Participant: 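Please see the structure below; I have some questions.
Numbering starts at 1 and runs along the sequence shown. This structure is a prediction, so every number in the text was calculated from the model and none was measured.
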Amino acid sequence: MENLREGLIPTVLGTAVTTTGVVLRNNRSISPLISGSIIGFGLAHIVLGAIDLVEHRR
């Protein structure tokens with residue numbers, strides 16, 4: 001577990017959350033505001049995780 005680079009977990013989590021938001025966007029019973037918020041939350045995780053990955057390069 002020590003080999004895991006800092007920032008990788010938020011990036012992977014953000015990818016999963018963004019994918020979930022995109023899938024929910026195609027569902028008509030879910031409000032576009034909710035699916036858009038989920039997509040934004042996932043994208044924020046991707047950006048913050050990528051910043052950590054760049055800052056803590058070996």
Participant: Nearest heavy-atom pair of Thr18 and Ile46: which atoms, and what distance?
Facilitator: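 Residues Thr18 and Ile46, closest heavy atoms: OG1-CD1, 3.8 Å.
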
Participant: Do Ile39 and Leu43 touch side chain to side chain, with heavy atoms closer than 4.5 Å?
Facilitator: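 Yes, close enough: below the 4.5 Å cut-off.
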
Participant: Do you know which two heavy atoms are closest between Ile38 and Leu24, and how far apart they sit?
Facilitator: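 Scanning both residues, the minimum pair turns out to be CD1-CD1, 3.7 Å.
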
Participant: Mind checking whether Val12 and Val47 sit in one hydrophobic cluster, side chains of I, L, V, M, F, W, Y counted as touching below 4.5 Å?
Facilitator: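 In one cluster: no.
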
Participant: Between Leu53 and Glu6, what is the shortest heavy-atom contact and its length?
Facilitator: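 Heavy-atom minimum between the residues: CD2-O, 3.4 Å.
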
Participant: Would you give the length of the straight line joining atom CG of Leu13 to atom CG of Leu48, rounded to the nearest 0.5 angstrom?
Facilitator: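 Leu13 atom CG to Leu48 atom CG measures 11.5 Å (nearest 0.5 Å).
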
Participant: Between Pro32 and Ser35, what is the shortest heavy-atom contact and its length?
Facilitator: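 The pair with the smallest heavy-atom distance is O-OG, 3.2 Å.
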
Participant: Side chain to side chain donor-acceptor pair (under 3.5 Å) with Asn27: which residues, sequence neighbours excluded?
Facilitator: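 Once residues adjacent in sequence are excluded, the partners of Asn27 under the side chain to side chain donor-acceptor pair (under 3.5 Å) criterion are Ser29.
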
